[in-house]
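Comments concern the structure below.
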Amino acid sequence: MIRIELGVEDLANTHFAISPLAETVFSLWALTDPSRHVLHLPWVRAARAQTDPDDARLLRSLVGPSRIPPDFRGNPSRPVPDFLTPRPSKFVARFDDELAGVRATAPGIVRRDLVATHAPDPVPDELHAATMPDDDATVELRDAICDALQRHWERSLEPGWPEMQLVLEADTTYRARQLATGGAHLLFADIHPNLTWNDGVLTVTEMVGDHTVAAAGRGLLLTPSIFAYKPVPPLDPGEPPALGYPSRGVGTLWSPPPQPDPTALVDLLGRTRALLLQMLEEPLPTVEIARRLNVTPSAVSQHLQVMHATGLVTRARDRRHVLYRRTPTGDQLTVIQ
């Protein structure tokens, strides 16, 4: 059980941040033990197919063994090294900036966190350098971990990050509203069943550790996560108060997109303009469009003027004729047909 003591100033300094590096590290839980992350199975299958075997072994070694806390009722704790999840410097951090900070971590902290993640068990063979007081070996290991995380991010998370970020931002908007309308009680009421707020103390149950952290004016950082399955405080009680937590809205993140409705474009633009947009895959003059649609050129011109003004078609003069053609925006709209 972990207790975080928050004073009035700490509550005033409670804030949110989104960390792509933390998501990259937390995603290792799903890769290591997919049976506990059923919602992420589509992502797990794709990520495993794209991950180099050597990278996979090193990345999996970063996840600590399952620990059954004394008040266990749900998922066991599986720690990850604190130095891999630094505090974001702004609301939405950049992965490259965060990873650059990790690459500057002192060797002693790297060794401390890797050993603590697996204690009381020995570290895996892939992390053997963490057991030696050799700074050069530790730096080499640290850089290898960062390189593997970089490749994992680029292959498995960065392509889908815009959608993931939208989910996380929506969660912070909801939580901020809870805090504004109901204070700390409402904010912490539905983040997770393992989290309770009472008399100025935020309590996290089902934790292997048992300690109290006094925020002492440092505030509390809350970080929503796609891959966290329970509250995630720092492993080291000396770290500033922070808490990762499962984000709302994750359930539909990996769902296939809805099938296009063949009538949607007509509903949006009207039958004539929808037909015009489909025809203009190739440049055509007004008179030819009118002939194909069996309407007057003036009627076609009225529709084309509106579509040109809204960026759906472009036009260029070819001697006596003005040629119209779909723009990239128009191309995207025709995909829904």
Side-chain angles (χ1 to χ4, degrees), residues 18-67 74-85 93-96 98-99 102-103 110 113-114 117-118 121-130 140-168 171 223-230 232 235 244-258:
I18 293 172
S19 169
L21 177 57
E23 284 304 288
T24 303
V25 174
F26 292 165
S27 74
L28 303 182
W29 284 320
L31 287 180
T32 303
D33 191 359
S35 64
R36 297 187 183 277
H37 301 269
V38 177
L39 286 177
H40 300 311
L41 286 180
W43 177 85
V44 169
R45 295 188 189 101
R48 284 186 164 181
Q50 299 175 73
T51 304
D52 177 84
D54 290 336
D55 281 354
R57 285 189 291 272
L58 179 57
L59 293 174
R60 285 197 300 267
S61 74
L62 299 173
V63 180
S66 295
R67 300 178 180 179
N75 286 323
S77 297
R78 300 203 68 175
V80 292
D82 284 341
F83 81 93
L84 294 179
T85 55
R94 292 181 66 253
F95 178 87
D96 290 342
E98 292 189 290
L99 194 65
V102 173
R103 288 186 185 276
V110 174
D113 288 355
L114 291 176
T117 296
H118 291 274
D121 297 342
V123 299
D125 291 342
E126 291 81 2
L127 305 178
H128 178 67
E140 184 178 349
L141 174 61
R142 180 199 65 196
D143 292 347
I145 291 171
C146 289
D147 291 343
L149 286 172
Q150 176 89 47
R151 290 188 288 269
H152 178 49
W153 159 258
E154 291 174 350
R155 295 170 181 171
S156 301
L157 287 108
E158 188 176 21
W161 179 246
E163 291 77 16
M164 296 168 67
Q165 183 176 322
L166 285 175
V167 170
L168 298 173
D171 180 273
T223 307
S225 170
I226 299 296
F227 293 97
Y229 55 92
K230 61 192 300 185
V232 189
L235 192 58
Y245 64 88
S247 173
R248 292 162 52 93
V250 175
T252 59
L253 188 58
W254 313 122
S255 300

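R57 pairs by the side-chain hydrogen bond (donor to acceptor under 3.5 Å, both in side chains) definition with D54, not counting sequence neighbours. Partners of D113 under the salt bridge (Lys or Arg N to Asp or Glu O under 4.0 Å) rule, at least two apart in sequence or in another chain, do not exist in this structure. Listed by chain and number, the residues in a side-chain hydrogen bond (donor to acceptor under 3.5 Å, both in side chains) with S19 are E98 (sequence neighbours excluded). Residues satisfying the salt bridge (Lys or Arg N to Asp or Glu O under 4.0 Å) test with R151, not counting sequence neighbours, are D55. Among residues two or more places apart in sequence or in another chain, the side-chain hydrogen bond (donor to acceptor under 3.5 Å, both in side chains) test is passed with S225 by E23. With sequence neighbours left out, the side-chain contact (heavy atoms from CB on, under 4.5 Å) criterion links L141 to L58, L114, L127, A129, A130, I145. For E140, there are no side-chain hydrogen bond (donor to acceptor under 3.5 Å, both in side chains) partners at least two apart in sequence or on another chain. Partners of D143 under the salt bridge (Lys or Arg N to Asp or Glu O under 4.0 Å) rule, at least two apart in sequence or in another chain, do not exist in this structure. Residues meeting the ring pair (Phe, Tyr, Trp, His ring centres under 6.0 Å) test with F95, sequence neighbours left out: W153. Among residues two or more places apart in sequence or in another chain, the ring pair (Phe, Tyr, Trp, His ring centres under 6.0 Å) test is passed with H37 by Y229. For the salt bridge (Lys or Arg N to Asp or Glu O under 4.0 Å) test, no residue two or more places apart in sequence or in another chain qualifies with D121.
With contacts defined as side-chain heavy-atom distances shorter than 4.5 Å, the pair V167/I226 qualifies. When side chains are defined from C-beta on, V232 counts as touching W29, because their heavy atoms get closer than 4.5 Å.
A side-chain donor-acceptor contact under 3.5 Å links T85 to the backbone of D82. Remark: side-chain polar atoms of H40 are not paired, donor with acceptor, to backbone N or O of S27 under 3.5 angstrom. Judged by distance alone, the side chain of R78 and the main-chain N or O of P65 form no donor-acceptor pair under 3.5 Å. Proximity of a side-chain donor or acceptor of H152 to a complementary backbone N or O of A47 within less than 3.5 Å is not detected.
Nearest heavy-atom pair across I18 and P224 is CG1-CG, 4.4 Å. Between A148 and L59 the shortest heavy-atom distance is CB-CD2, 3.9 Å. For the pair V102 and R142, the tightest heavy-atom approach, listed with the atom from each and the gap, is O-CD, 3.6 Å.
Rounded to the nearest 0.5 angstrom, M164 CE and W254 CH2 are separated by 4.5 Å. If you take CG on L168 and CH2 on W161, they are separated by 5.5 Å, rounding to the nearest 0.5 Å. Note that the CG atom of L99 and the CG atom of L84 stand 9.0 Å from one another [nearest 0.5 Å].
In summary, of the residues considered (L31, L157, T24), a side-chain contact (heavy atoms from CB on, under 4.5 Å) with F227 occurs for L157 alone.
Taking 4.0 Å as the cut-off between side-chain N and carboxylate O, D147 and R103 count as a salt-bridged pair.
Counting only residues at least two apart or in different chains, side chain to side chain donor-acceptor pair (under 3.5 Å) contacts with residues 42-52 are absent.
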